[in-house]
Amino acid sequence: MLLAVDVGNTQTVFGLFDGAELTEHWRIATEARRTGDELGALVTRFLDLEPVDGICLSSTVPQLVREYEAFAARYAHAPLLVLEPGVRTGIPIRYDNPKEVGPDRLANAVAGKERYGAPCIVVDFGTSTNFDVVSPEGEYVGGVLAPGVEVSMDALFARAARLIKVDVVEPPSVIGKSTATALQSGLVYGFAGQVDGIVERIRGELEGEAPAVATGGLAELIAPHSRTISRVDPFLTLEGLRLVWERNLSA
């Protein structure tokens, strides 16, 4: 079985694959100072590592890569593949400096192309809101990076003393009847409008229609209010890691 691990700046998602089937998944907070031993103690609370015969890792936190290497060797006793420059992805990368592309962005592009064809646009709602684009020729051609929902919310509360921190949930109406619901409306409908504007401009540069697929922790909250997102695929990044593992295993 394959353990796919997507380490983001805020959250880490684990997925256990039996062949092509995602059988289980877990989400925890990312802590940049965790050691390999701490990861071992944590992961073994919810996962039996005995059946795991491989681990594929995407990490946007560089210092955690070494700790996952220690975890894989000491606790999983399984080979670890880190998605990084030089790893076979099966998708040409047309970026000025390919080493700058986050591994989660590449995993999304790989899975987006495989599941939805080319061209396609993946919108990942994480610490940042990432838009990643696969061209009609099936190449990764770049994208857009924007502040994420929770980052924007935290920045607003830090600068406005009279505003209260609210849960990021769908408000009862667009017109807020309280400070809390007005903030929720601004977050939900504001980000949905941002997504639509950016996706429409990307489609204009591609000179054609391209399906937009949403993933990430807040995708199911924002996507229903977007005109341009056609589908939510919450574990697309994990699927990309599975595909990268297969493409390197058979290489």
Side-chain angles (χ1 to χ4, degrees), residues 6 8-15 22 24-29 102 104-105 107-134 143-157 163-206 208-241:
D6 174 27
N9 290 295
T10 305
Q11 294 185 331
T12 297
V13 183
F14 298 84
L22 179 64
E24 294 185 78
H25 55 84
W26 305 267
R27 187 182 296 269
I28 65 171
D104 54 335
R105 300 179 67 191
N108 284 338
V110 168
K113 177 184 175 183
E114 182 74 15
R115 284 191 166 177
Y116 305 102
C120 71
I121 304 163
V122 178
V123 186
D124 189 346
F125 294 93
T127 304
S128 59
T129 303
N130 299 343
F131 299 75
D132 292 299
V133 184
V134 177
V144 176
L145 299 176
V149 177
E150 292 181 339
V151 167
S152 298
M153 181 176 67
D154 290 342
L156 177 61
F157 297 146
L163 295 183
I164 57 172
K165 192 165 186 176
V166 299
D167 293 331
V168 185
V169 297
E170 182 179 350
S173 62
V174 176
I175 301 173
K177 301 297 186 181
S178 67
T179 299
T181 57
L183 284 166
Q184 289 164 343
S185 182
L187 289 167
V188 172
Y189 297 107
F191 273 86
Q194 179 195 69
V195 167
D196 289 340
I198 292 175
V199 168
E200 286 170 354
R201 287 177 179 270
I202 290 172
R203 287 173 175 169
E205 290 193 6
L206 291 175
E209 285 302 306
V213 182
T215 193
L218 292 175
E220 292 181 347
L221 173 65
I222 306 298
H225 306 287
S226 164
R227 298 188 313 273
T228 55
I229 292 175
S230 57
R231 182 143 184 192
V232 175
D233 194 333
F235 302 110
L236 191 68
T237 314
L238 297 180
E239 173 65 12
L241 291 174

Just by modelled atom types, is the [Y] backbone N or O under 3.5 Å from a matching donor or acceptor in the [X] side chain?
X: Ser230; Y: Ala212; result: yes
X: Thr215; Y: Asp233; result: yes
X: Asn108; Y: Val122; result: no
X: Thr181; Y: Gly176; result: no
X: Arg105; Y: Asp132; result: no

From [X] [atom1] over to [Y] [atom2], what is the distance, rounded to the nearest 0.5 angstrom?
X: Gln194; Y: Thr129; atom1: CD; atom2: OG1; result: 6.0 Å
X: Phe191; Y: Ile222; atom1: CZ; atom2: CD1; result: 7.5 Å
X: Ile202; Y: Ile121; atom1: CD1; atom2: CD1; result: 5.0 Å
X: Gln11; Y: Asp6; atom1: CD; atom2: CG; result: 10.0 Å
X: Ile175; Y: Lys177; atom1: CD1; atom2: NZ; result: 5.5 Å
X: Ser173; Y: Gln184; atom1: OG; atom2: CD; result: 10.5 Å

Inset, instruction - Examine the side chains of Asp196 and Thr228 and answer whether a donor and an acceptor come within less than 3.5 Å of each other. - result: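 Yes, a side-chain donor-acceptor pair sits under 3.5 Å.
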
Legend entry - Side-chain donor-acceptor contact under 3.5 Å, Asp104 with Thr237: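 Result is no, nothing qualifies.
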
Inset, instruction - Decide if atom CZ of Arg201 counts as having more than 12 heavy atoms of other residues, nucleotides or ligands within a radius under 6.0 Å. - result: no

Inset, instruction - Count the heavy atoms of every other residue, nucleotide or ligand shown that sit under 6.0 Å from CD of Glu200, and state whether that count exceeds 12. - result: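 Yes, CD of Glu200 has more than 12 neighbouring heavy atoms, counting only those of other groups under 6.0 Å.
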
Distance-minimising heavy-atom pair for [X] and [Y]:
X: Ala214; Y: Phe125; result: CB-CE1, 4.0 Å
X: Val134; Y: Ala109; result: CG2-O, 3.8 Å
X: Gly112; Y: Leu236; result: N-CD1, 4.2 Å
X: Ala219; Y: Pro224; result: O-CD, 4.1 Å
X: Leu22; Y: Gly15; result: CD1-CA, 3.7 Å
X: Pro119; Y: Glu209; result: CG-O, 3.6 Å

Got [X] and [Y] here, is their nearest side-chain heavy-atom distance under 4.5 Å?
X: Glu220; Y: Pro234; value: yes
X: Leu221; Y: Glu170; value: yes
X: Val195; Y: Phe131; value: yes

Legend entry - Verdict with reasoning, Val199 to Ile229, per side chain to side chain contact (heavy atoms under 4.5 Å, CB included): CA-CA 9 Å; Val199 168; Ile229 292 175; 5.6 Å; no

Legend entry - Working for side chain to side chain contact (heavy atoms under 4.5 Å, CB included), residues Leu238 and Phe14: CA-CA 8 Å; Leu238 297 180; Phe14 298 84; over 6 Å; no

Inset, instruction - Just say parallel, tilted or perpendicular for the rings of Tyr189 and His225, cut-offs at 30° and 60°. - result: perpendicular

Inset, instruction - Would you sort out whether His25 and Phe235 count as a ring pair (Phe, Tyr, Trp, His ring centres under 6.0 Å), showing the intermediate values? - result: CA-CA 9 Å; His25 55 84; Phe235 302 110; 4.2 Å; yes

